[in-house]
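So the structure is just underneath, and the comments pick up after that.
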2 protein chains.
Amino acid sequence: MTIENGRGADEGPGTPVAPMRWDGWGDPERAEALPFAVRSLLPLLLGRVRRPVPGPDLAEVRLEPSAFTAEDAGAFAALLGVQHVRTDAESRIRHAGGRSTPDLLRRRSAAQSATDAVLLPANHDEVVACLRLAAERDLAVIPFGGGTSVVGALDPERGTHRAVVSLDLARLTGLLRFDAVSAEAVLAAGTTGPAAERLLAAERMELGHYPQSFRYATIGGFAAARSSGQNSAGHGRFETMVTGIRVATPTGDIELGRSPGSAAGPDLVRLFLGSEGIFGVITEVRVRVHPIPVDRVMESWTFPDFASGMAALRAVAQHGPGPTVIRLSDETETSVSLAQVGRIGKALAKGASAVTVFEGEDVEGRRARTSALLRGAGGTSLGDGGAEEWLRTRFDGPYLRDALLDAGVFCETLETATTWAGLSGLRTAVTEALKAGFTAAGLKSFVMCHISHVYPTGASLYFTVLAPLRPDALDIWAAIKRRGGDAIMAAEGTISHHHAVGRDHAPWLAEEIGDTGMRILAAVKRELDPQGIMNPGAVLGAATPVPAAPGGEA
Amino acid sequence: MTIENGRGADEGPGTPVAPMRWDGWGDPERAEALPFAVRSLLPLLLGRVRRPVPGPDLAEVRLEPSAFTAEDAGAFAALLGVQHVRTDAESRIRHAGGRSTPDLLRRRSAAQSATDAVLLPANHDEVVACLRLAAERDLAVIPFGGGTSVVGALDPERGTHRAVVSLDLARLTGLLRFDAVSAEAVLAAGTTGPAAERLLAAERMELGHYPQSFRYATIGGFAAARSSGQNSAGHGRFETMVTGIRVATPTGDIELGRSPGSAAGPDLVRLFLGSEGIFGVITEVRVRVHPIPVDRVMESWTFPDFASGMAALRAVAQHGPGPTVIRLSDETETSVSLAQVGRIGKALAKGASAVTVFEGEDVEGRRARTSALLRGAGGTSLGDGGAEEWLRTRFDGPYLRDALLDAGVFCETLETATTWAGLSGLRTAVTEALKAGFTAAGLKSFVMCHISHVYPTGASLYFTVLAPLRPDALDIWAAIKRRGGDAIMAAEGTISHHHAVGRDHAPWLAEEIGDTGMRILAAVKRELDPQGIMNPGAVLGAATPVPAAPGGEA
C-alpha cells in the first residue's frame with residue numbers, strides 16, 4: 001500500500017533509511033554523477049563550467065576544539081548516559097548545519113565550524129532535563145531533527161553563551177497514541193516522514209505530508225518550520241494537520257490541543273508552529289490522519305504560457321474541491337523539463353507545463369471538474385506520463401544538486417508566496433533580481449520558477465537558480481540572496497512560504513511582521529527562555545533578546 | 001440574491017438593521033410574546049413557572065455617576081468631536097455588557113453598573129489616538145463591536161484604573177479594499193455581518209460567516225472572539241477565513257498578511273484572533289471570500305438515537321467534501337423540536353434529528369455522497385421541510401429567549417468541543433453536571449444538546465438549558481455554570497468552542513492552556529499594553545498582569 005502511495009520503493013514498510021551523507025543530500029549509496037542529458041544541456045545554459053576542487057573527506061576536516069568541557073560532558077552523561085553525549089568530530093560536523101547550498105559549500109572547506117557537542121535525549125523528560133542543565137551551565141541549545149533546514153536554522157551559534165550544543169531528537173520516535181475514532185495520532189517529534197507513514201500504515205492511515213525533505217525530515221521539524229508538502233492542495237499545510245502539541249521550554253512545559261476547534265483565547269499551538277526552536281523544543285505533535293488513499297489518478301497539462309497556466313490554477317484553487325497535488329512550471333523551467341528530474345534535457349518543451357494528482361475520495365469526479373477548469377483556461381491534457389514521472393522522482397531534486405555542485409554548477413532554490421493578484425509581479429521581480437545579481441557578479445545564470453502550493457487567495461513561487469560555481473560562490477550568493485529577499489519584500493511577498501526563517505531570512509522578518517511583531521516574538525522568548533539559550537540568532541536575528549547577564553535571569 | 005442566500009427577508013441589500021433592544025435581543029419591533037405551542041409545552045417540562053417582575057424602563061435605571069471627568073471629555077472631544085464622546089445614561093447602559101442571560105438579567109435591576117463613557121473613533125488613526133490618550137489619562141478601554149458577547153467580554157471593568165471607557169467601533173465600517181482576482185476583501189472592524197454581506201454582494205461575492213449573532217455582530221468581533229458560523233462545515237471557522245489583520249495596540253500598530261501561506265515565523269495573526277481586546281483593537285480584517293452560491297439543496301434526517309447520528313456526522317466530516325451546514329440534535333432537543341424555533345411544541349419527535357445544507361459547487365454530488373454516508377449510518381431522510389424551517393429561523397433563538405425570560409423561564413446556552421472519541425462522554429458529563437446543578441438549587445430543568453460544528457477529528461456540543469426563573473437566578477446560574485465548566489475540563493473539552501473566554505470563562509483558561517500558556521499571554525500583554533488598560537480582567541482573569549504603578553510603565 002505505501003509503495004503505491006507515492007513514497008517510492010525505498011520507503012516501503014520496514015525499510016530503514018540510511019544516515020544522510022555528511023556533505024551532501026541523502027543516501028550516500030544513491031549519489032550519482034550528472035546524467036548525460038543534463039551535462040549536454042549545461043553549456044547551452046551557462047557556457048563552460050569547471051569542476052571544482054573536491055572537498056575534504058570527513059576525517060580530514062579541521063575543527064576548532066570543542067568548548068564543551070569535561071565537566072559539561074560528565075553532567076550530561078549522568079543524565080543521558082555517556083553514549084548519548086557526543087563530542088567526536090563526526091558527530092560535531094554532522095550537526096554543524098543543514099542542507100542549503102551554502103551549508104554544502106561550507107562542508108567543502110578544510111577548516112569548518114561545528115557544534116561543541118551533541119545531546120541525544122530519549123524522551124520529553126530528558127529534553128526538559130537537558131534544557132535545565134544547559135541553562136545552568138550557560139550553553140546555547142540548537143534543536144536538531146532531520147538536519148534538512150535550508151535556511152540556517154541549525155547553525156551552531158553560541159550567542160553570548162559559553163558553548164553550543166545540538167539537541168538531536170533522533171531517539172524521540174514513535175506513534176505515542178493513536179485514536180482511530182477521531183483519526184488522530186500523536187507522534188514523537190523525532191519521527192521521520194517515512195517512519196511516521198510506516199507506523200500509520202499499520203493502522204491503515206496516512207499523514208500525507210510529503211515535502212521534498214520527506215525522507216529525512218522529522219515531524220517536529222515539520223511543525224517547527226511551518227512546513228508545506230507536495231500534497232498541500234489536498235491535505236493543507238502541515239500546520240493545518242496539527243491538532244495539538246507538547247513543548248519543553250527552559251521555564252516550563254506546555255501541552256495544547258483539547259479540541260479541533262476552540263475559542264479558548266488565541267491559538268497558542270500556532271505560536272510554536274514556525275518558532276524554529278527559539279522558545280523551546282517541540283517533543284510531541286498531535287496530527288489528524290486519513291485513510292490511506294485507495295484511488296489515484298493523475299494528469300499532465302500544458303498551457304500556452306505561465307500567465308494562462310496561473311489563471312487556470314487560480315480557477316482550480318477558488319472552485320475546489322480539486323486535486324491533491326497541482327503544480328505549474330514557468331516557461332523557463334518547462335523548457336528544460338526540470339520539474340521531472342528524470343526528463344531533464346530530454347525534451348525542450350514549449351509553454352508552461354502542469355501536473356495534477358488526485359488521491360482519496362471521488363478522484364474521478366474531482367479530476368473531471370479540475371480538467372474542465374484547466375481546459376477552459378487554455379490547457380491541453382498530456383495524459384498521465386509526465387505526472388507519473390514527476391511522482392516517481394519527486395524527492396530526488398537534492399541528489400541532482402549534489403551532482404551539479406560536483407560538476408561545477410552552483411544550484412540553489414528560494415521560495416515565496418503572495419496573493420493571486422500579486423503573483424505575476426512577484427515572479428518577475430524576483431527572477432529579474434536574481435538574474436541581475438548573477439550578471440553583476442559576471443556570471444551567466446538560469447533562473448526557473450514553479451507554483452507548487454495553491455490557496456483560494458494566492459499561491460507560492462519556487463525558484464531554482466543555476467550558475468557556474470566559483471570559489472567565492474558563498475559571497476556571490478549572499479549578495480544575490482539579499483537582492484532576492486529585497487525584491488520579495490518590495491513586491492509584497494512573504495520571505496518564506498515553507499522553508500522558514502532560520503538565520504538566513506531573519507534580516508527580512510522585521511519588514512514582514514513589523515516592529516510590533518518582532519517585539520511580540522522577543523517578549524515571548526524572554527518569558528520562556530530568559531537566558532536566551534534556545535537557538536540564539538534564529539528567526540529574530542539581531543532582534544534576539546540578549547540576557548542581562550550570562551547565566552542570570554533577564 | 002442575498003435574500004435567497006439564507007439571510008432572511010430582513011437582510012436584503014440596503015435594509016438597515018435597527019439598533020438592538022437595550023435589555024434584550026435584536027430589533028425591538030420584533031419582540032414577541034411566547035408562542036402558544038411553547039407556552040403549552042413549558043408546564044410539561046418545568047412545572048409551573050411564574051412571570052417575573054418586569055425590569056425598569058431605560059429612563060428609570062439608576063447608575064453610579066461616571067468617573068469620566070470633564071477634562072477627560074474635553075481631551076477626547078478634541079480628538080473625536082464632541083458628538084463622538086458620550087456620557088449620557090443611555091449610551092453608558094447600552095455599552096454596559098453583552099447579551100448573555102446574566103447580562104439580560106442584570107438589565108432588569110433598578111440600579112446597574114455601566115461604562116463611564118463611550119468613544120466613537122472614525123478610523124484606525126483615531127483608534128490609535130484614543131489608546132494613547134486613554135493610557136495617558138489612566139483609563140481602561142473595552143473594545144466594543146456589535147455588543148453580542150455572551151461571555152462577559154464587554155463588562156465595563158476598570159481594573160486598577162481611574163475609569164473605564166467603551167471604544168465603540170460602529171464608525172469603522174466598510175469594504176476598504178476588494179481584490180476580485182485573489183478573492184480577498186479588507187473590511188473595517190465595525191462592519192456588521194449583514195453590512196459586510198451587502199457590500200460583498202455588490203461584488204457578487206459572499207463571506208459566508210453566519211453565527212447566530214450574525215445580524216448584529218461585527219467583523220472585528222468575529223476575529224477577536226474566534227467565532228464559528230453555522231456554515232462552518234463548508235467554509236470553516238472565521239479564523240480560517242482571515243488572511244490578514246490590522247491592530248492598534250497601546251504601544252504600536254501591527255499589520256499582517258502578505259500571503260495565504262507563509263513560514264515567516266509563527267503566524268501572529270492567530271495571536272490576535274481570540275485575543276478579545278486584551279492586546280489592542282482590531283481595526284481591519286482581510287478575509288477570503290467566494291462567489292455567492294447559486295445552488296442550494298438541503299435535507300433533514302432522523303436517526304434512531306444521538307449515538308448513531310454522531311457516528312454518521314463523523315463519517316461525513318472524515319470523508320468530505322460534504323455539506324455546508326450539518327447539525328444533529330440529541331434526543332432531548334429533538335423531542336421538543338427546539339432546533340427549529342417555528343416548530344417548537346408542534347411535534348414531539350423521537351430519535352435524533354439532523355439538518356444538512358449544501359451550497360456552492362457541485363451541490364448534488366456532495367449531497368449524494370453525504371446522503372449515502374448518513375443512510376449507511378442508520379439515517380432516514382425526511383426531505384427538505386425541516387431544513388428549510390431551520391434555515392428560515394436560524395437567527396431567531398435569542399428572540400425566543402427574551403420571551404421565555406418574560407414568561408418566567410430561565411434560558412441559557414453553553415458550548416464546548418472535543419475529539420470524536422471523547423464527544424459522547426463530554427455530552428453526558430456536561431448534561432449531568434448542569435442537571436445536578438439545577439436539582440441542587442431545587443429546580444426542575446430541561447437540558448438539550450446539539451452538534452453544530454464538525455471537523456475530521458472532532459465536533460462541538462451546544463447545550464441549551466431551561467428552568468424556572470427565580471429572583472436569585474444570577475447566583476443559581478453562577479453555581480451551575482461552575483459545575484458545567486468543571487465538567488468540561490474533567491472530560492477534556494475546551495472551555496469554549498466559539499463563544500470565547502471573556503470574563504465568564506477566564507477561571508478555566510489556565511487549566512486548558514496551562515501555566516506556561518498563561519505566562520505567554522501575560523508576557524504579550526505586558527509588551528503591548530504595559531499599563532494594562534486593554535480590557536482588564538478579560539481572558540486572563542486573575543492572571544491579568546497588574547501594572548507596576550497606575551499610569552506608569554510596567
Side-chain angles (χ1 to χ4, degrees), chain A residues 179 181-184 225-226 228 237 243 252-254 256 258-268 270-271 273-275 288 318-319 321 361 365 417-421 453 455-458 460 492-501 509 512-517 519-520 523-524 527 539, chain B residues 179 181-184 225-226 228 237 243 252-254 256 258-268 270-271 273-275 288 318-319 321 361 365 417-421 453 455-458 460 492-501 509 512-517 519-520 523-524 527 539:
Chain A
D179 174 352
V181 172
S182 311
E184 264 192 346
R226 288 178 76 187
S228 191
R237 300 170 60 80
T243 57
D253 286 6
I254 184 163
L256 298 165
R258 286 174 165 245
S259 162
S262 173
D267 184 357
L268 294 180
R270 297 292 184 125
L271 196 60
L273 303 182
S275 64
R288 70 165 151 79
Q318 292 179 344
H319 297 90
E361 311 278 336
T418 194
T419 59
W420 287 111
H453 304 263
Y455 305 86
T457 62
S460 71
E492 296 284 319
T494 177
I495 196 59
S496 175
H497 171 266
H498 61 270
H499 281 174
V501 178
L509 190 62
E512 179 152 349
I513 68 170
D515 174 56
T516 304
R519 284 171 46 221
I520 291 169
V524 174
E527 179 66 33
V539 184
Chain B
D179 173 352
V181 171
S182 311
E184 264 193 345
R226 289 177 77 187
S228 192
R237 299 171 61 80
T243 56
D253 288 5
I254 185 162
L256 298 164
R258 285 172 166 245
S259 163
S262 173
D267 184 358
L268 294 180
R270 297 292 185 126
L271 195 60
L273 303 181
S275 64
R288 72 166 150 80
Q318 292 179 345
H319 297 89
E361 312 276 337
T418 193
T419 58
W420 288 111
H453 304 262
Y455 305 86
T457 62
S460 72
E492 294 285 319
T494 176
I495 195 59
S496 175
H497 171 266
H498 60 271
H499 281 175
V501 180
L509 190 62
E512 179 152 352
I513 67 171
D515 175 55
T516 304
R519 284 170 47 222
I520 291 169
V524 174
E527 178 65 33
V539 184

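Numbers restart at 1 for each chain; the letters A, B, ... are given by sequence-line order, proteins then strands.
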Could you tell me which non-hydrogen atom of B/Trp420 sits nearest to which non-hydrogen atom of B/Tyr455, and how far apart they are? NE1-O, 2.9 Å
Quick check for you: among A/Gly252, A/Gly274, A/Ser262, which has the greatest number of heavy-atom pairs under 4.5 Å with chain B? A/Ser262
Tell me, out of A/Leu273, A/Thr243, A/Ile495, A/Asp515, who's got the most heavy-atom pairs with chain B below 4.5 Å. A/Leu273
Does any non-hydrogen side-chain atom of B/Ile513 lie less than 4.5 Å from one of B/Ile520? no
Between B/Ala500, B/Gly517, B/Ala417, B/Gly265, who has the most heavy-atom pairs with chain A when the cutoff is under 4.5 Å? B/Gly265
Got A/Gln318 and B/Glu361 here, is their nearest side-chain heavy-atom distance under 4.5 Å? no
With a 4.5 angstrom heavy-atom cut-off, is it the side chain or the backbone of A/Ala225 that approaches chain B, or both, or neither? backbone
For each of A/Pro260, A/Gly365, A/Ser496, tally heavy-atom pairs with chain B at distances under 4.5 Å, and name the one with the top tally. A/Pro260
I'd like to verify something: which residue of A/Ala264, A/Ser228, A/Gly261 has the highest number of heavy-atom pairs under 4.5 Å with chain B? A/Gly261
4.5 Å side-chain heavy-atom contact, A/Pro266 and B/Arg226: no
Tell me whether A/Glu492 contacts the main-chain N or O of B/Arg258 through its side chain, where contact means a donor paired with an acceptor under 3.5 Å. no
Among A/Asp179, A/Val524, A/Ile254, A/Val501, who wins on heavy-atom pairs under 4.5 Å with chain B? A/Ile254
Please check this pair: side chain of A/Thr457 against backbone of B/Ala183, looking for a donor-acceptor N/O pair closer than 3.5 Å. no
Heavy-atom closest pair (A/Ser275 atom, A/Val539 atom, distance to 0.1 Å) is O-CG2, 4.1 Å
Ionic contact status for B/Arg288 with B/Glu184, cut-off 4.0 Å: no
Name the region of B/Leu271, side chain, backbone, both or neither, that has any atom closer than 4.5 Å to a heavy atom of chain A. both
Which answer fits A/Ser460, side chain, backbone, both or neither, if we ask what part of it has an atom under 4.5 Å from a heavy atom of chain B? neither
Among B/Pro456, B/Ala523, B/Gly514, B/Ala421, which has the most heavy-atom pairs under 4.5 Å with chain A? B/Ala421
Pairs of heavy atoms under 4.5 Å with chain B: top-ranked of A/His499, A/His453, A/His319: A/His319
Where on A/Arg237 is there a heavy atom nearer than 4.5 Å to chain B: the side chain, the backbone, both, or neither? side chain
